[in-house]
2 protein chains.
Amino acid sequence: MRLIDTDGVEALTMRKLATVLDANPMSLYHHVPNKDALLRGVARMVGAQFRTVTLEDAPWQERLRLLATDFRTLAHRHPKLMAYSFTHQADFIQPEDPFWVSLAAILDAAGVPHSEFPQIAALVCAVITGVLSAELNGALRQWSSLNPSTPDEGGLARPGHDEVEVFRLALDTIITGLESRLADGDGSLDAGL
Amino acid sequence: MRLIDTDGVEALTMRKLATVLDANPMSLYHHVPNKDALLRGVARMVGAQFRTVTLEDAPWQERLRLLATDFRTLAHRHPKLMAYSFTHQADFIQPEDPFWVSLAAILDAAGVPHSEFPQIAALVCAVITGVLSAELNGALRQWSSLNPSTPDEGGLARPGHDEVEVFRLALDTIITGLESRLADGDGSLDAGL
DNA sequence: ACCTGAACACCGTTCAAGT
DNA sequence: ACCTGAACACCGTTCAAGT
């Protein structure tokens with residue numbers, strides 16, 4: 001983790017790891033089948049650190065906001081590893097993970113019909129990890145500083161810490177969108193397609 | 001491109017490229033400073049292929065939907081490269097790109113106030129590329145097939161092609177969210193924070 | 001049983017020497 | 001001026017040989 005956090009996942013090398021551990025590079029293969037398995041193991045260890053409090057009786061909107069920001073907090077603790085996991089490990093989120101369990105409970109509380117659950121859950125996961133990885137890899141800051149067509153207005157960019165705001169904005173926007181979807185088609189109509 | 005499309009970006013090697021081109025590996029360095037610059041160049045060439053028709057007088061919602069699906073079409077033409085670009089090139093979308101120009105025009109038509117433009121634009125880009133890269137790397141399919149807590153229901157997953165639907169769903173959801181944001185705070189209030 | 005040195009098949013890139 | 005062979009400093013992984 002120290003190697004990954006400071007220099008990025010691609011800087012983690014079986015050989016470097018071995019020297020840090022004062023071991024022979026080949027001894028690692030006694031504990032792990034290969035480098036990919038090692039990275040999956042590390043990612044799962046970090047993922048297992050996820051914690052969130054369950055506000056049973058709060059409105060689902062607030063619970064979802066809390067779940068997402070708790071996830072963001074974890075992601076910022078190991079940005080390099082999480083950015084890597086989001087894009088290289090499609091199975092990073094597992095059904096038993098607290099994150100998924102909480103998400104399922106929240107969507108259930110929101111009244112998402114069973115038939116629509118897989119798609120809505122996938123949508124929420126995709127938006128959260130998508131915005132988060134844009135934030136972690138710098139794209140979010142890049143986009144926030146791109147003005148419409150007048151790039152000579154004021155300074156180069158806004159003061160700073162725009163990224164939390166964009167994350168919150170994205171979260172609020174899909175929450176509002178889900179609200180109105182759940183309001184006007186409770187009988188699970190495939191509205192508008 | 002042939003090498004990248006078939007075997008992925010990480011399979012593109014200066015040495016392999018050279019043999020495909022019937023050249024000496026070192027001759028490449030006469031045309032390109034290094035491998036990273038080569039990948040940026042290829043990514044920009046593909047990005048420049050983006051085309052979308054401008055429906056000046058259609059509602060902004062429909063224009064945004066079209067922009068996003070046109071972008072998705074391009075992404076699916078070179079999935080490996082685009083997935084790589086999304087996560088490794090924060091400046092993949094440039095201010096002069098048709099995509100960005102169109103997005104700016106659409107948000108303007110939607111009545112997004114100038115002060116909120118950077119954040120809304122970043123939000124839209126993040127959601128589109130985020131969901132798209134989840135789709136390209138397989139995470140979207142993974143999530144769609146994860147049922148709430150009854151993993152023993154019916155078959156293993158839905159028939160197929162769920163992913164377009166999730167993309168459309170995400171798009172519709174943020175559009176609806178933006179609609180209500182633009183409706184109730186036209187004077188650019190920082191609502192709800 | 002456990003460990004490990006040497007080796008294999010690769011990388012990106014430099015640089016001096018060729019034409 | 002342009003090209004390129006050899007070399008450098010790395011990789012992940014195998015495998016036979018050591019203890």
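Every chain is numbered from 1 and lettered A, B, ... according to where its sequence line falls, protein lines coming before strand lines.
- The pairing partner recorded for D:dA1 is C:dT19, the criterion being a Watson-Crick or G-U wobble arrangement whose two distances lie under 3.5 angstrom.
- Atom pair B:Glu10:CD and D:dG12:C1' shows a separation of 15 Å (rounding to whole Å applied).
- For the pair B:Arg72 and B:Glu135, the salt-bridge criterion is met [side-chain N within less than 4.0 Å of a carboxylate O].
- For the C1' atoms, the distance linking C:dA7 with D:dC11 amounts to 14 Å, nearest Å.
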Residues 4-12 of chain A side chain polar contacts: donor-acceptor under 3.5 Å, at least two apart:
from, atom 1, to, atom 2, distance (Å)
A:Asp5, OD1, A:His78, ND1, 3.1
A:Asp5, OD2, A:His78, ND1, 2.9
A:Thr6, OG1, A:Arg2, O, 3.0
A:Thr6, OG1, A:Leu3, O, 3.3

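- Phosphate proximity of D:dC2 to B:Ser27: absent, as no side-chain N or O sits under 4.0 Å from OP1 or OP2.
- Between the side chain of B:Asp97 and the main chain of B:Trp100, no donor-acceptor pair closer than 3.5 Å is present.
- Remark: D:dG12 base-pairs with C:dC8; criterion is Watson-Crick or G-U wobble with both hydrogen-bond distances under 3.5 Å.
- Contacts between residues 14-22 of chain B and DNA chain C, defined by a heavy-atom separation below 4.0 Å, involve B:Met14, B:Arg15, B:Lys16, listed by number.
- Side chain of B:Ser102 to backbone of B:Phe99: no donor-acceptor contact under 3.5 angstrom is found.
- Within the structure, every side-chain polar atom (N or O) of A:Thr13 is placed at least 4.0 Å from both OP1 and OP2 of D:dC10.
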May I have the list of side-chain donor-acceptor pairs in residues 22-29 of chain A shorter than 3.5 Å, sequence neighbours left out?
from, atom 1, to, atom 2, distance (Å)
A:Asn24, OD1, A:Met26, N, 2.7
A:Ser27, OG, A:Asn24, O, 3.4

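- Whole-Å rounding puts the B:His30 NE2 to D:dT4 P distance at 10 Å.
- Summarising the geometry, atom CZ belonging to B:Phe167 is positioned 11.5 Å from atom CG belonging to A:Leu123; distances are rounded to the nearest 0.5 Å.
- Annotation: salt bridge (charged side-chain N to carboxylate O under 4.0 Å, His left out) contacts of B:Asp91 (sequence neighbours excluded): B:Arg40.
- For B:Asn24, taking side-chain heavy atoms from C-beta onward, the closest of the listed nucleotides D:dG5, C:dC11, D:dC3 is D:dG5.
- Within the model, atoms CZ of B:Phe92 and CD of B:Gln94 stand 9.5 Å from one another, a figure rounded to the nearest 0.5 Å.
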Checklist entry - Which nucleotides of nucleotides 14-19 of chain C have their base under 4.0 Å from a protein heavy atom (B), which only their sugar-phosphate (S), and which neither (-), written as one string 5' to 3'? => result B-----
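- Distance, B:Leu28 CG to C:dC11 C1': 14 Å, rounded to whole Å.
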Side-chain donor-acceptor contacts of residues 60-67 of chain B below 3.5 Å, not counting sequence neighbours, with atom names and distances?
from, atom 1, to, atom 2, distance (Å)
B:Gln61, NE2, B:Glu179, OE2, 2.7
B:Arg63, NE, B:Leu55, O, 3.3
B:Arg65, NH1, B:Asp172, OD1, 2.3

